[in-house]
Visitor: 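Sharing a structure with you now.
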Amino acid sequence: MLRMSSLFLRTLRDDPADAEVPSHKLLVRAGYIRRIAAGIYSWLPLGVITLRNVENIIREEMDKAGFQEVHFPALLPREAYEATNRWEEYGPSLFRLQDRKGGDYLLGPTHEEMFTLMVKGEYSSYKDLPLTIYQIQNKFRDEARPRSGIIRGREFVMKDSYSFDLTDEGLGISYEKHRDAYITTFDRLHLKYNIVKAVSGAMGGSKSEEFLAPCPTGEDTYVLCPKCGFAANVEAMVTKVAPGDASGVPALEELDTPNTPTIDSLVDVLNSKFGGGFTGASTLKNVLLMADSKAISVLVPGDREVDLKRLQAGLPGVEELRVFEEADFAKHPGLVKGYIGPQDAGKFGITVYADPRVAPGTSWVTGANKKDRHARNVVNGRDFTPDAYVEAAEIREGDSCPECSTAVVIDRAIEIGHIFQLGRKYADALGLTVLDQNGKSQVVTMGSYGIGVSRAVAAIAEQSYDEIGLVWPLEVAPAKVHIVATGKEDLPFDTALDIATKLEASGITVMLDDRRDPSAGVKFKDAELIGIPVIVVVGKSLAEGKIELRNRKSGEKSEVAVGDAISAVTTLIASLS
RNA sequence: CGGGGCGUAGCGUAGUGGCUAGCGCGCCUGCUUUGGGAGCAGGAGAUCGGGAGUUCGAAUCUCCCCGCCCCGACCA
């Protein structure tokens, strides 16, 4: 039983000045967390209990699925990360340190290497597989910009699991099991979420999905189809465009278009001098980029920007992607800035990528590679041919769903979980093999699965609060019932303690406000701020032998006889779960 | 790492060259109060982020450093 008379807790009346997002403000105000440094937080008793509750739900679901818990140190030697090259590759986000002898260590940002090595040390037969093991542990990442309180910290609690299989089919099954376990886990946490297609990116591997909890303060943008439910991370969104029919398009014609280095200025001139009906979407934009040290050109419709993240996701192996600068133009004197077209790309020796929207057979207005000149009726396949197609254009609300062509919506969310099929990258690098039925050595294939535990606490808070405070789901709350005793006599306090004791005896956790000094108003405000789902008030109505029951979420209040308190609370709790 | 903002008591803040750094919340003591963040009286608590400089005089002006927040780049 938590007794507020002695609980290590101080609630704050004002929002902390350094907090912006609701979860951060409320968790600090209600006395769950305190900031220590940028992206580093301490947990006070209420916070610890809440975090544990989330952790335990995750643990239970992992165990139920047959996954086994292990635990690694956060402090790790350099060697393991050397074998996969991540000591270097991880870059400045890795916390590196030295021991007294000058040996290199790191604070684990993620534990693929350690898990792989652990399995390598124990197992060597196909008969031992499949295996899925997990841990719940603090991770350390020196984020360039920690933000939003506990949503993106530099030290945070994460549940990470890894599956080990002999075959790709096995990996597929392990993956699905994990996906199912995540669904039940997040349902129990009462999170609203979407399972979204993601790109596996630098980690390599074939399939990857993110669990995204929609909320306005989320930092991830994703696409959702309101009709068929298709959901994808913006990077993983694909564009389906049918080829155009260019058979009736007249021959390419050069136009005199002085002073039109931008799309807007070009459209104005086109409409005034060359007939109406032109929009930005009629024009073809040639965006020049440096991919590592190689110049490339990307074709997108003139009304769209290039989305560098999307483009990079489609160009495996490219590490740095940036737009052309003056110095780059200087090195390519043939390129007439503002009047570039793909027709002469061969001459410049630049690889031309086209967004799928620039489909074969489509006709465009684009630069004529001469100052103050553009060309119209420039047809893909006739007047130019891209070297390759790649998703490059920005995604917009209203773009078509790749599954059913309905207009998609764009939403923001917090990434609470990520599952992906890693494949054999780590097993290969670290030599994790087992003998198969034929006595032949086989490289194991892996999956990796993460849940941000502390982030989930923030995500729940973000999805469940109101003007007066937090509103926890039953299983997450620091207690199921918050009993407030008011008045100056002993009776309400004795009665409240009696009810609390009986509830605890029946397995219902209780927080009891047995403070004598604060006025009733203070206690009500605190109870609402702290956000325990059921509030019981023992006070004024005790004169008629009654207590008051409140539903924190709905605000509903009802009075019941003291004798019926236990059953009434139990019933209310049952209705909430 | 680029751009912007900020740093005064546990929390929120006022104070832009002048006297003892002010207020609210919280905290302590006493009395009165006790169903919506009570009232009165008294009190504790701050090297004004740090350092250097300008000045008769610096929270206030200058320089350097540190820290924090927001936008962007980045982010299993």
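Everything quoted here is computed from the prediction, not taken from an experiment. Per chain, numbering begins at 1; letters A, B, ... match sequence-line order.
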Visitor: B:G36, B:C27, B:G37: which one has an atom nearest the side-chain heavy atoms of A:Leu529?
Guide: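 Among B:G36, B:C27, B:G37, the one nearest the side chain of A:Leu529 is B:G37.
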Visitor: Which dot-bracket string describes RNA chain B (Watson-Crick N1-N3 plus N6-O4 or O6-N4, or G-U N1-O2 and O6-N3, all under 3.5 Å; [ ] crossing; | other strand)?
Guide: ((((((((.[[[[.)..(...]]]].((((((.....)))))).....[[[[[..)....]]]]])))))))....
Visitor: Does A:Pro92 reach a base, just sugar-phosphate, or nothing at all? Heavy atoms under 4.0 Å.
Guide: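 Nothing, no heavy atom under 4.0 Å.
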Visitor: Would you mind classifying the nucleic acid contact of A:Glu548 as base, sugar-phosphate or nothing, using non-hydrogen atoms under 4.0 angstrom?
Guide: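 If one applies the 4.0 Å heavy-atom cut-off, A:Glu548 turns out to touch a base.
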Visitor: Please say whether the positively charged group of A:Arg59, taken as NZ for Lys or CZ for Arg, lies over the ring of A:Tyr134, i.e. under 6.0 angstrom from the six-membered ring centre and within 45 degrees of the axis.
Guide: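 No, cation not above the ring by the 6.0 Å, 45° rule.
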Visitor: Could you verify whether a donor N or O on one side chain and an acceptor N or O on the other, from A:Glu112 and A:Thr110, lie under 3.5 Å apart?
Guide: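 Per modelled atom types, A:Glu112 and A:Thr110 side chains form a pair under 3.5 Å.
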Visitor: Evaluate the criterion ring pair (Phe, Tyr, Trp, His ring centres under 6.0 Å) for residue pair A:Tyr449 and A:Tyr162; output intermediate values, then yes/no.
Guide: CA-CA 6 Å; A:Tyr449 318 88; A:Tyr162 304 86; 7.8 Å; no
Visitor: Using 4.0 Å as the upper bound for N to carboxylate O, is an ion pair formed by A:Glu219 and A:Arg147?
Guide: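 Judged by the 4.0 Å cut-off on N to carboxylate O distance, A:Arg147 and A:Glu219 do form a salt bridge.
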Visitor: Please work out if A:Arg455 contacts a base, only the sugar-phosphate, or nothing of the nucleic acid, heavy-atom cut-off 4.0 Å.
Guide: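 Nothing, no nucleic acid heavy atom in range.
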Visitor: Taking atom types as modelled and ignoring hydrogens, do the side chains of A:Lys159 and A:Ser161 form a donor-acceptor contact shorter than 3.5 angstrom?
Guide: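 Side chains of A:Lys159 and A:Ser161: pair found under 3.5 Å.
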Visitor: What's the CZ-C1' distance between A:Phe524 and B:G37, to the nearest Å?
Guide: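 So the CZ-C1' distance, A:Phe524 to B:G37, works out to 12 Å.
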Visitor: Among the nucleotides B:G35, B:G12, B:G36, which one has an atom lying closest to any side-chain atom of A:Ala520?
Guide: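 Selected nucleotide (nearest to the side chain): B:G35.
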Visitor: Among B:C25, B:C11, B:G35, find the nucleotide with the atom closest to the side chain of A:Arg13.
Guide: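 In terms of side-chain proximity for A:Arg13, the closest of B:C25, B:C11, B:G35 is B:C25.
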Visitor: So, under a plain 3.5 Å distance rule, would you say the side chain of A:Arg29 forms a donor-acceptor pair with the base of B:G10?
Guide: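 No pair found.
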Visitor: Evaluate the criterion salt bridge (charged side-chain N to carboxylate O under 4.0 Å, His left out) for residue pair A:Asp490 and A:Arg516; output intermediate values, then yes/no.
Guide: CA-CA 10 Å; A:Asp490 286 341; A:Arg516 291 290 189 135; 2.7 Å; yes
Visitor: Please tell me which of the listed nucleotides, B:G37, B:C74, B:G12, lies nearest to the side chain of A:Lys309?
Guide: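 For the A:Lys309 side chain, the nearest candidate turns out to be B:C74.
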Visitor: The side chain of A:Arg10 lies closest to which of these nucleotides: B:G26, B:G24, B:G37?
Guide: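 Closest nucleotide to the A:Arg10 side chain: B:G26.
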Visitor: Is any side-chain N or O of A:Lys488 closer than 4.0 Å to OP1 or OP2 of B:U34?
Guide: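 Checking A:Lys488 against B:U34: at least one side-chain N or O falls below 4.0 Å of OP1 or OP2.
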Visitor: Say we look at B:C28 and B:G45: how far apart would their P atoms be, to the nearest angstrom?
Guide: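 Here B:C28 and B:G45 have their P atoms 16 Å from each other.
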Visitor: Please tabulate, one pair per line, each protein N/O and nucleotide N/O from nucleotides 68-72 of chain B that are separated by under 3.5 Å, including the distance.
Guide:
| unit_1 | atom_1 | unit_2 | atom_2 | d |
| --- | --- | --- | --- | --- |
| B:C68 | OP1 | A:Ala38 | N | 2.7 |
| B:C70 | OP1 | A:Ser148 | N | 3.3 |
| B:C71 | OP2 | A:Arg145 | NH1 | 3.2 |
| B:C71 | OP2 | A:Arg145 | NH2 | 2.8 |
| B:C71 | N4 | A:Arg145 | NE | 3.4 |
| B:G72 | N7 | A:Arg145 | NE | 3.4 |

Visitor: Could you tell me whether the side chain of A:Asp15 has a donor or acceptor atom within less than 3.5 Å of a complementary atom in the base of B:G12?
Guide: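 Absent.
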Visitor: Counting distance alone, no hydrogens or angles: does the base of B:G37 have a donor or acceptor under 3.5 Å from a partner atom on the side chain of A:Glu528?
Guide: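 No such pair is found, so the answer is no.
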Visitor: Quick one: does A:Phe140's side chain get under 4.5 Å of A:Phe156's, heavy atoms only?
Guide: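 Sidechains of A:Phe156 and A:Phe140: no contact.
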Visitor: NA contact type, A:Gly450, heavy-atom cut-off 4.0 Å: base, sugar-phosphate, or nothing?
Guide: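 The residue A:Gly450 makes no contact with any strand.
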Visitor: Is any side-chain heavy atom of A:Tyr90 closer than 4.5 Å to a side-chain heavy atom of A:Pro109?
Guide: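 The answer is yes; the side chains approach within 4.5 Å.
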Visitor: Using a cut-off of less than 4.0 Å, is there contact between a side-chain N or O of A:Thr486 and OP1 or OP2 of B:U34?
Guide: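 Answer is no, no contact under 4.0 Å.
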Visitor: Without decimals, in angstroms, what is the distance between A:Leu12 CG and B:U13 C1'?
Guide: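 Value for this atom pair: 14 Å.
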Visitor: Side chain of A:Thr445, backbone of A:Asp165: donor and acceptor closer than 3.5 Å?
Guide: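 Answer holds: no.
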Visitor: Are A:Asp142 and A:Ser93 close enough that a side-chain donor and a side-chain acceptor fall under 3.5 Å?
Guide: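 Note: A:Asp142 and A:Ser93 side chains miss the donor-acceptor criterion.
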